[in-house]
Visitor: 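What follows is a single structure, and I will ask about it in a moment.
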Amino acid sequence: MNLTSIPALQDNYIWTLNNDRGECLIVDPGEAAPVLSVVEKNQWQPVAILLTHHHHDHTDGVKALVARYPHLVVYGPQETADKGATEIVVEGDSFTLLESTFSVFHTPGHTLGHISYFSAPYLFCGDTLFSGGCGRLFEGSPEQMFESFQKLNKLPDNTLVCCAHEYTLSNLTFSHALFPGDSEIASYYREIKELRAKKQVSLPTKLATERRINVFLRTQEHELQRQIGYETSPQHEWQVFATLREKKDRF
């Protein structure tokens, strides 16, 4: 399949996958106009929409897209039922689109009902896992988001992380300031800074890369724990995650 990122709103990406027959699916359409432009330009036939959570910058385009393509099936968690979802999916569900099987993971933290979709190698994780960072905790707890990260971190190295915002440079700026001596973060920070200066897209990212440069996936590291104030190992690893998220909120 072919993966396309469509810029939308201020810093969102709406993702599409299409096959060689021109059928496509659309992920988290925060607005319809840019999607319709790309779909019509490529003469694709949309077959489904995947929603990760209920926030308007992920769902506001659903109504117009369904009006244009009434046959669209809209998958989403229960919290998106009033946003246009027609197929409510939960943890452990799977379904087939474009001859590919999609697995559903419940990944709460950003919202309580947030879900992610995986069809190797593509991971559509909405506002849960970002390149170099994690989503804000609007509804869930740090412990919930930590557990969501552990779930996604079990996926293969070659997983393509298709998150919903261009936050990579912002996240790496925080991590580099917090851990200036980390060579992996410093190198990737410089790489992404150059990329974004050319207005190029930093996504998708590979999960293998995130395991090296995303501090929220490195909470088990004793040196990282020490650098943020833990003289001895914390009772629970999610507490390290919570400390990092709190520091990012204040950055």
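Computed from heavy atoms alone, side chains included, the values below leave out hydrogens, waters and symmetry copies.
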Visitor: How about P29 and V62: do any of their side-chain heavy atoms sit closer than 4.5 Å?
Guide: yes
Visitor: Does D127 reach the side chain of H58, with side-chain heavy atoms less than 4.5 Å apart?
Guide: yes
Visitor: If you look at every heavy atom in W15 and C163, which pair is closest and at what distance?
Guide: NE1-O, 2.7 Å
Visitor: Just wondering, more than 12 heavy atoms not from H71 lying within 6.0 Å of its NE2?
Guide: yes
Visitor: Could you tell me whether H54 and H110 have their ring centroids closer than 6.0 angstrom?
Guide: no
Visitor: Could you state the interatomic distance from CG (L50) to CD (E87), rounded to the nearest 0.5 Å?
Guide: 11.5 Å
Visitor: Quick one: closest heavy-atom pair of E246 and R250, and the distance?
Guide: OE2-NH1, 3.0 Å
Visitor: List in chain and number order the residues that pass ring-ring contact (aromatic ring centres under 6.0 Å, His included) with Y117, two or more places apart in sequence or in another chain; answer none if no residue qualifies.
Guide: none
Visitor: Parallel, tilted or perpendicular, judged at 30° and 60°: which one describes the rings of H55 and F138?
Guide: perpendicular
Visitor: Going by the salt bridge (Lys or Arg N to Asp or Glu O under 4.0 Å) test, which pairs reach into residues 134-149, not counting sequence neighbours?
Guide: R136-D249
Visitor: What is the distance from atom CD1 of I228 to atom CD of E223, rounded to the nearest 0.5 Å?
Guide: 11.0 Å
Visitor: Under the criterion side-chain contact (heavy atoms from CB on, under 4.5 Å), I'd like the reasoning laid out for T16 against L25: C-alpha separation, chi angles, the key distance, then a yes or no.
Guide: CA-CA 6 Å; T16 65; L25 60 85; over 6 Å; no
Visitor: D20 versus N2: any side-chain heavy-atom pair under 4.5 Å?
Guide: yes
Visitor: In the structure I gave you, are the side-chain heavy atoms of R196 and L169 within less than 4.5 Å of one another anywhere?
Guide: yes
Visitor: Please list, chain by chain and in numerical order, all residues satisfying side chain to side chain contact (heavy atoms under 4.5 Å, CB included) with S119, sequence neighbours excluded.
Guide: S100, F102
Visitor: To the nearest 0.5 Å, tell me how far T159 OG1 sits from L123 CG.
Guide: 6.5 Å
Visitor: Are V66 and L51 co-members of a hydrophobic cluster defined by side-chain heavy atoms under 4.5 Å apart?
Guide: yes
Visitor: As a quick check of understanding, evaluate side-chain contact (heavy atoms from CB on, under 4.5 Å) for F130 and V161, giving each step before the final call.
Guide: CA-CA 8 Å; F130 290 122; V161 180; over 6 Å; no
Visitor: Quick check on Q220: does its CD atom have over 12 non-hydrogen neighbours (other residues, nucleotides or ligands) under 6.0 Å away?
Guide: yes
Visitor: Might you confirm whether atom NZ of K248 has over 12 heavy atoms from other residues, nucleotides or ligands at distances under 6.0 Å?
Guide: yes
Visitor: Between L155 and L207, which heavy-atom pair has the shortest distance, and what is it?
Guide: O-CD2, 3.5 Å
Visitor: Ring-plane angle category for F251 and F174, please: parallel below 30°, perpendicular beyond 60°, tilted otherwise.
Guide: perpendicular
Visitor: For residues 62-81, which residue pairs qualify under salt bridge (Lys or Arg N to Asp or Glu O under 4.0 Å), counting only residues two or more places apart or in two chains?
Guide: E40-R68
Visitor: Taking the side chain as everything from C-beta on, heavy atoms only, tell me whether N214 gets closer than 4.5 Å to L129.
Guide: yes
Visitor: Just wondering, do T168 and L203 contact through their side chains at under 4.5 Å, heavy atoms?
Guide: yes
Visitor: Look at R212 together with D182 and state whether they make a salt bridge at an N to O cut-off of under 4.0 Å.
Guide: no
Visitor: Compare all side-chain heavy atoms of E91 with those of V104 and state whether any distance is below 4.5 angstrom.
Guide: no
Visitor: Side chains of S202 and Y167: any donor to acceptor distance under 3.5 Å?
Guide: no
Visitor: When you check the side-chain N and O atoms of H114 and T107, is any donor under 3.5 Å from an acceptor?
Guide: yes
Visitor: I want to check something: taking the side chain as every heavy atom from C-beta on, are I88 and P77 in contact at a cut-off of under 4.5 Å?
Guide: no
Visitor: Does Q10, at its CD atom, have more than 12 non-hydrogen atoms belonging to other residues, nucleotides or ligands within less than 6.0 Å?
Guide: no
Visitor: Under 4.5 Å between side-chain heavy atoms, hopping through other hydrophobics if needed: is there a path connecting I26 to L98?
Guide: no
Visitor: Who pairs with H106 by ring-ring contact (aromatic ring centres under 6.0 Å, His included), at least two apart in sequence or on another chain?
Guide: none
Visitor: Indicate if M1 and F118 have the same hydrophobic cluster label, given that clusters are the connected sets of ILVMFWY residues with side-chain heavy-atom separations under 4.5 angstrom.
Guide: no
Visitor: For D28 and H53, does a side-chain donor sit closer than 3.5 Å to a side-chain acceptor?
Guide: no
Visitor: Side chain to side chain contact (heavy atoms under 4.5 Å, CB included) with P142: which residues, sequence neighbours excluded?
Guide: L137, W238, A242
Visitor: Would you say V90 ends up clustered with I115 if hydrophobic residues are merged whenever their side chains have heavy atoms under 4.5 Å apart, either directly or through other cluster members?
Guide: no
